[in-house]
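Read the numbers this way: they start at 1 and go in the same order the structure lists the ligands and their atoms. The residues of the chain are indexed from 1 along the displayed sequence.
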Amino acid sequence: MLTPTLIKLPQLKDPRGSLSFLESQNHIPFDIRRVYYIYDVPAGESRGSHAHKNLCQLFIAMSGSFFVKLDDGLGNLYDFHLSNPSEGLYIPSGYWRELNRFSSGSACLVLASLPYDEGDYIRDYDVFKRYKSNG
Ligand code: T46
């Protein structure tokens with residue numbers, strides 16, 4: 001998958017509640033090498049404002065909701081509102097992202113294709129645009 005995609009995950013509902021699951025290379029197109037989560041975001045704060053050279057990720061709104069803006073640096077913009085724990089937003093490498101408008105008590109689970117590496121980040125938007133336009 002080369003573009004950001006909302007992936008519907010299996011959801012098993014019964015009188016005890018709901019259960020969702022995912023498997024690497026089955027429901028998502030990468031092996032999971034790292035998991036982190038974002039929570040306790042104060043009202044009005046945003047996260048992200050950077051891109052990754054190689055990292056692919058899946059964002060899941062485990063509780064509450066937030067918005068995700070994506071930009072491929074070539075003129076294509078994407079807006080998502082995540083609020084459902086039974087779906088995940090797949091983000092390939094090479095997309096500038098901003099997460100904002102977190103609802104109170106929200107939590108974003110992130111499944112990542114690589115270990116943490118600051119060298120994989122592009123944190124300057126102009127550098128990102130040049131990186132993308134150079135192919
Ligand atoms: C992304 C958005 C959605 C680590 O030491 N290990 C980690 O795995 C991560 C993700 C971060 N950190 C350190 C690096 C910084 O000192 O935690 C601190 C905060 O990270 P950052 O400012 O990058 O946080 P966000 O929320 O702006 O970005 C994070 C991810 O870094 C990024 O990949 O897509 O969440």
Between Ser86 and Lys8, a side-chain donor and acceptor under 3.5 Å: yes
Protein residues that have a heavy atom under 4.0 Å from any atom of ligand 1, sorted by chain and number: Arg34, Tyr36, Ile38, Arg47, Gly48, His50, His52, Gln57, Phe59, Arg97, Leu99, Tyr116, Tyr121, Arg123
Donor-acceptor contact present, side-chain Lys53 to main-chain Ile122, <3.5 Å: no
ILVMFWY network linking Phe80 to Leu58, side-chain heavy atoms under 4.5 angstrom: no
Arg97 side chain vs Ala51 backbone, donor-acceptor pair below 3.5 Å: no
Gln57 versus Tyr95, side-chain donor and acceptor atoms under 3.5 Å: no
Side chains of Arg47 and Phe102 in contact at under 4.5 Å (non-hydrogen atoms): yes
